[in-house]
Amino acid sequence: DTEVTQTPKHLVMGMTNKKSLKCEQHMGHRAMYWYKQKAKKPPELMFVYSYEKLSINESVPSRFSPECPNSSLLNLHLHALQPEDSALYLCASSQILAGGQDTQYFGPGTRLTVL
Amino acid sequence: AQSVTQLGSHVSVSEGALVLLRCNYSSSVPPYLFWYVQYPNQGLQLLLKYTTGATLVKGINGFEAEFKKSETSFHLTKPSAHMSDAAEYFCAVTTGTASKLTFGTGTRLQVTL
């Protein structure tokens, strides 16, 4: 089973709202990722968690706050977003293998619209 | 540093024709290479990957790719296109640095009758 689930599928929020995106995997993977994808562009890495600890933050604005409560769950808390933050947010997970041969498996994404 | 170049942002083929999507990489160390497919409003699905070993890699849905070190290429092929192959295809590379995938800009495959 190589399934990563994400909820919600769609989210519309105002610039003053607080919302959260959720990602879950049960493959025993110890690395989890958040990506942002704008239309007709490749995914852009936002955050990486390794063994439940934040290992990479690609200079993402503080209005995006990631959280990894346990090895299966990854959240992305959203606050005071801007309309330009509207995008498809993808979660991925992978094993952590020597030499970086790990394969990332992606969820279906959350389509976020900021009004 | 690693990078990926996908030649052709848009490729159109007839149903039943050969599919060839081009990917060239740049890496100072042996790369690990991936092809992902993305259908509209969906996430990325792994088609195939090259890590070590056999340079001709077979993936899902009849796709395959060949790692050619001398040409720094990892082109994706399928002998006979099907309408259901219409999607966006991304080539990606990692060299093991903190599992950071570097994606190409993507190629949109259109399949016509």
Side-chain angles (χ1 to χ4, degrees), chain A residues 1-7 9-10 21 23-25 27 29-51 53-58 87-113, chain B residues 1-6 8-11 21 23 25 27-54 57 59-60 65 67 87-110:
Chain A
D1 183 13
T2 56
E3 187 177 28
V4 177
T5 59
Q6 290 187 245
T7 55
K9 190 173 176 63
H10 300 277
L21 310 184
C23 173
E24 193 166 5
Q25 57 88 13
M27 296 178 278
H29 290 170
R30 301 306 298 274
M32 296 187 76
Y33 311 76
W34 280 116
Y35 288 85
K36 174 183 179 180
Q37 187 181 26
K38 302 285 277 186
K40 302 186 188 301
K41 297 289 188 182
E44 299 174 18
L45 183 65
M46 301 174 71
F47 303 103
V48 181
Y49 274 82
S50 299
Y51 300 107
K53 294 190 187 305
L54 184 65
S55 57
I56 296 176
N57 177 342
E58 292 286 359
L88 182 67
Y89 287 83
L90 294 165
C91 174
S93 71
S94 74
Q95 295 177 297
I96 299 176
L97 301 174
Q101 298 182 44
D102 22 286
T103 300
Q104 293 186 28
Y105 295 93
F106 286 80
T110 293
R111 175 72 60 189
L112 174 67
T113 302
Chain B
Q2 60 199 37
S3 66
V4 169
T5 301
Q6 291 185 241
S9 60
H10 183 258
V11 171
L21 304 183
C23 174
Y25 69 90
S27 173
S28 57
V29 298
Y32 303 121
L33 295 156
F34 304 82
W35 275 100
Y36 286 90
V37 60
Q38 186 174 33
Y39 299 99
N41 296 311
Q42 293 188 27
L44 276 68
Q45 180 182 10
L46 179 69
L47 274 178
L48 49 79
K49 63 180 179 181
Y50 169 78
T51 53
T52 57
V57 181
I60 62 171
F67 171 65
E88 188 84 20
Y89 291 80
F90 291 100
C91 182
V93 63
T94 181
T95 56
T97 304
S99 302
K100 291 185 70 170
L101 269 180
T102 299
F103 286 93
T105 52
T107 298
R108 178 160 297 277
L109 176 65
Q110 180 182 16

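Keep in mind it's a predicted model, so treat the numbers as computed, not measured.
Neither the backbone nor the side chain of Q45(B) comes within less than 4.5 Å of any heavy atom in chain A. Contacts between Q37(A) and chain B at a heavy-atom distance below 4.5 Å involve the side chain alone, from C-beta outward. Looking at T103(A), both its backbone and its side chain come within 4.5 Å of chain B, counting heavy atoms on both sides. For E58(A), the part lying near chain B is the side chain, with the backbone staying farther off; criterion is any non-hydrogen pair under 4.5 Å. Within the 4.5 angstrom heavy-atom criterion, no atom of Y39(B) approaches chain A. Looking at L46(B), the atoms closer than 4.5 Å to chain A (heavy atoms on both sides) all sit in the side chain, from C-beta outward.
Summarising the local packing, NZ of K38(A) is surrounded by more than 12 heavy atoms from other residues, nucleotides or ligands at distances under 6.0 Å. More than 12 heavy-atom neighbours from other residues, nucleotides or ligands sit within 6.0 angstrom of CG on N57(A).
Remark: K49(B) NZ to Q104(A) CD distance equals 11.5 Å, nearest 0.5 Å. For the atom pair L88(A) CG and Q42(B) CD, the distance stands at 10.5 Å (nearest 0.5 Å).
Across all non-hydrogen atoms, the minimal contact from P43(A) to F103(B) is O-CD1, 3.8 Å. The shortest heavy-atom contact between G104(B) and P42(A) is O-CB, 3.3 Å. Across every non-hydrogen atom of L44(B) and F106(A), the tightest pair is O-CB, 3.3 Å.
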